[in-house]
Amino acid sequence: MSEPFLTNVMPLYASASWIAILLSDKLDHVIFSSATFGAIWALYNTIVVSGSLDLGLVTMGFVAVTVAFDLFVLKKASKQRVIKYTVVVGSLLVSVNFCIPFLIWSQLKEIFRSEPLNKSPFWFRVFPVYLATMAIFWLYVAFKVLTRREGVVNPTQYR
């Protein structure tokens, strides 16, 4: 039995997010890309996979929209502080969202082992690592945004 495509996307998405944030000097673009991809994935989960709301759609969508608003609409230093703290709070919410499954893991295991989901042993190894990796990633995003230099000429250049 081959793994579903999205099982293999989890480590790729996490790796790409970490590589981008560690190597790029344009934090806003990394945040926007990672949050947008995550929100689209959560939308897919909401519509196609579960039929119920994936909270990642709300949390990552919030971060993506906030950063997009800053990147493409505001572009004013006077708004930098508001955007900064909004992105920090949004990133912390995304991190919490990735931690929630650990709080209800025993119930989730039963759901994921039953039909029609019937997740594989590989998925059960990948999913918790993915959750932890992305929870830490979004904590790191919050830290990077919170500690970025104030007073930069272009407020979208978070360094």
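- Partner of T66 under the side chain to side chain contact (heavy atoms under 4.5 Å, CB included) criterion, out of V89, I31, T86: T86 alone.
- Summarising the geometry of T133 relative to A14, their closest heavy-atom pair is CG2-CB, 3.9 Å, with the distance given to 0.1 Å.
- With hydrophobic clusters built from ILVMFWY side chains whose heavy atoms lie under 4.5 angstrom apart, V67 shares a cluster with I21.
- Between A135 and C99, the shortest heavy-atom distance links the atoms CB-SG, 3.7 Å.
- With side-chain heavy atoms closer than 4.5 Å counting as contact, directly or through intermediates, the hydrophobic cluster containing L23 also holds I19.
- Across all their heavy atoms, P101 and L131 have their closest contact at CB-CD1, 3.6 Å.
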* Step by step, would you call S95 with M134 a side chain to side chain contact (heavy atoms under 4.5 Å, CB included)? -> CA-CA 7 Å; S95 183; M134 292 308 288; over 6 Å; no

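- Between the CZ atom in F127 and the CZ atom in F122 there is a gap of 13.5 Å [rounded to 0.5 Å].
- S24 meets the side-chain contact (heavy atoms from CB on, under 4.5 Å) test with K26, V30; sequence neighbours excluded.
- In terms of modelled atom types and a separation under 3.5 Å, the side chain of S91 and the main chain of W138 share no donor-acceptor contact.
- Both I104 and L55 are assigned to one and the same hydrophobic cluster, defined by single-linkage of ILVMFWY side chains at heavy-atom distances under 4.5 Å.
- A single hydrophobic cluster is seen to contain both V9 and F124, as judged by linkage of ILVMFWY side chains at heavy-atom distances under 4.5 Å, directly or through other members.
- Taking OG1 of T36 as the start and CG of L43 as the end, the distance is 12.0 Å to the nearest 0.5 Å.
- Once rounded to the nearest 0.5 Å, the distance linking CG of D28 with OG of S33 reads 9.5 Å.
- Annotation for L93 and T59: closest pair O-CG2, 3.9 Å, computed over non-hydrogen atoms.
- The nearest pair of heavy atoms linking A39 to G61 is CB-N, 3.7 Å.
- Remark: P128 pairs with F102, W105 by the side-chain contact (heavy atoms from CB on, under 4.5 Å) rule, at least two apart or across chains.
- Side-chain heavy atoms closer than 4.5 Å link hydrophobic residues (I, L, V, M, F, W, Y) into clusters, and following such links, even through other members, never connects M60 to L12.
- With hydrophobic clusters built from ILVMFWY side chains whose heavy atoms lie under 4.5 angstrom apart, V145 shares a cluster with Y85.
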* Yes or no on side chain to side chain contact (heavy atoms under 4.5 Å, CB included) for N97 and V58, after CA distance, side-chain angles and deciding distance? -> CA-CA 10 Å; N97 187 48; V58 175; over 6 Å; no

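- Applying the side-chain contact (heavy atoms from CB on, under 4.5 Å) criterion to L92, with sequence neighbours excluded, gives V88, L139, A142.
- Using a distance-only test at 3.5 Å, with no hydrogens or angles considered, a donor-acceptor pair links the side chain of K84 to the main chain of L146.
- The backbone N or O of N45 lies less than 3.5 Å from a partner atom in the side chain of S50, making a donor-acceptor pair.
- For the side-chain contact (heavy atoms from CB on, under 4.5 Å) test, residues two or more places apart in sequence or in another chain that qualify with L22 are W18, Y140.
- T46 OG1 to D54 CG: the interatomic distance, rounded to the nearest 0.5 Å, is 5.0 Å.
- The ring pair (Phe, Tyr, Trp, His ring centres under 6.0 Å) analysis of residues 39-60, with sequence neighbours excluded, yields the pairs Y13-W41, F37-W41, W41-Y130.
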